[in-house]
Amino acid sequence: NAGVTQTPKFQVLKTGQSMTLQCAQDMNHEYMSWYRQDPGMGLRLIHYSVGAGITDQGEVPNGYNVSRSTTEDFPLRLLSAAPSQTSVYFCASTKGLANTGELFFGEGSRLTVL
Amino acid sequence: AQKITQTQPGMFVQEKEAVTLDCTYDTSDPSYGLFWYKQPSSGEMIFLIYQGSYDQQNATEGRYSLNFQKARKSANLVISASQLGDSAMYFCAMRERDTGTASKLTFGTGTRLQVTL
């Protein structure tokens with residue numbers, strides 16, 4: 001079972017460059033989200049989606065764009081990379097509030113901005 | 001606003017002993033869910049256990065149990081019979097039970113657990 005797949009796993013960018021972190025899930029989950037993990041700060045929500053065509057901002061959305069054209073895919077775009085965006089990025093999905101409704105996470109994408 | 005506090009940056013426990021990882025939370029929503037995730041050194045996030053705010057009994061999953069004290073707003077994770085493979089970072093997280101925010105979790109800063117021989 002693939003679950004949540006993120007690509008790339010590692011990326012190095014120069015300041016000002018743009019890139020897209022890809023996220024795909026094969027569990028038919030309506031709800032998806034992007035988090036970033038920085039040392040000593042836990043995971044913080046960047047953007048989330050409650051279904052195809054619907055996205056909203058989380059706690060730290062500045063510098064990032066998202067779109068949700070299909071249920072399966074939820075890409076995260078860095079418009080003009082800055083060193084402050086050096087982080088580990090996690091994509092997650094859930095089917096909702098049924099039972100535990102836990103989030104399933106991808107393996108993470110480590111981004112370094114020089 | 002939701003907030004999760006984990007006051008133990010690091011913990012040590014001997015193999016086969018039990019350990020409690022602390023988590024306190026703050027929310028004005030009467031309906032919420034609490035989660036614990038494990039992050040080993042390889043980096044993936046592994047779901048361990050869930051407690052709903054209206055659940056009458058403390059959640060248990062194998063060697064993991066959640067000591068839920070609603071009045072104190074605490075949701076401590078208890079790991080019994082620790083194993084070397086339990087060495088990892090552990091995150092407490094909370095979600096308000098609104099269908100519009102099913103994928104919105106607020107995380108604590110984590111506790112790094114080291115299991116020793």
Side-chain angles (χ1 to χ4, degrees), chain A residues 3-6 9-10 23 25 27 29-51 54-61 66 68 71 74 76 87-111, chain B residues 1-10 21 23 25 29 31-55 59-61 64 66 68 75 89-112:
Chain A
V4 179
T5 303
Q6 289 182 235
K9 288 186 169 48
F10 301 93
C23 176
Q25 53 91 8
M27 297 174 282
H29 287 171
E30 289 295 321
Y31 304 92
M32 297 185 72
S33 50
W34 276 101
Y35 292 84
R36 60 178 287 173
Q37 183 179 18
D38 301 297
M41 299 188 73
L43 276 73
R44 292 181 294 166
L45 181 65
I46 305 171
H47 285 285
Y48 66 98
S49 171
V50 301
I54 307 170
T55 64
D56 205 346
Q57 296 181 352
E59 180 186 355
V60 288
V66 292
R68 185 95 180 272
T71 299
F74 190 42
L76 178 72
S87 189
V88 179
Y89 292 85
F90 286 96
C91 179
S93 74
T94 178
K95 59 185 174 183
L97 299 177
N99 296 323
T100 65
E102 75 267 28
L103 265 63
F104 294 82
F105 285 86
E107 294 183 338
S109 298
R110 184 175 294 276
L111 175 66
Chain B
Q2 301 179 58
K3 185 174 180 180
I4 295 284
T5 303
Q6 295 180 254
T7 57
Q8 306 154 313
L21 306 183
C23 173
Y25 60 92
D29 194 323
S31 182
Y32 50 89
L34 296 156
F35 300 80
W36 278 92
Y37 279 85
K38 172 183 178 182
Q39 186 178 44
S41 58
S42 50
E44 71 268 31
M45 296 289 288
I46 302 169
F47 166 72
L48 295 178
I49 197 165
Y50 168 84
Q51 179 85 41
S53 58
Y54 292 118
D55 293 344
T60 59
E61 289 287 348
Y64 304 108
L66 200 153
F68 181 47
M89 182 73 86
Y90 289 81
F91 290 98
C92 179
M94 178 171 65
R95 175 178 65 199
E96 292 176 335
R97 284 181 66 83
D98 178 329
T99 55
T101 58
S103 61
K104 278 181 70 174
L105 265 62
T106 299
F107 284 82
T109 53
T111 296
R112 183 168 298 282

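Just so you know, these numbers come straight off a predicted model, no measurement behind them. Below, chains carry the letters A, B, ... as their sequence lines are ordered, and counting in each starts from 1. The analysis underlying the following values was restricted to heavy atoms, covering all of them including side chains, and did not include hydrogens, waters or symmetry mates.
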Side chain B:Y37, main chain A:L103, donor-acceptor under 3.5 Å: yes
Proximal component of A:S93, with respect to chain B [non-hydrogen, under 4.5 Å]: neither
Contacting region of A:E30 [heavy-atom separation from chain B under 4.5 Å]: neither
Toward chain A, the part of B:Q6 with a non-hydrogen atom under 4.5 Å: neither
Pair B:T101-B:E96, side-chain donor/acceptor within less than 3.5 Å: no
Parallel, tilted or perpendicular: ring planes of B:F107 versus A:F105, cut at 30 and 60 degrees: perpendicular
Choice from A:M32, A:M41, A:H29, A:E107 maximising heavy atom contacts with chain B below 4.5 Å: A:M32
From CA spacing to verdict: side chain to side chain contact (heavy atoms under 4.5 Å, CB included), A:T71, A:Q25: CA-CA 8 Å; A:T71 299; A:Q25 53 91 8; 3.9 Å; yes
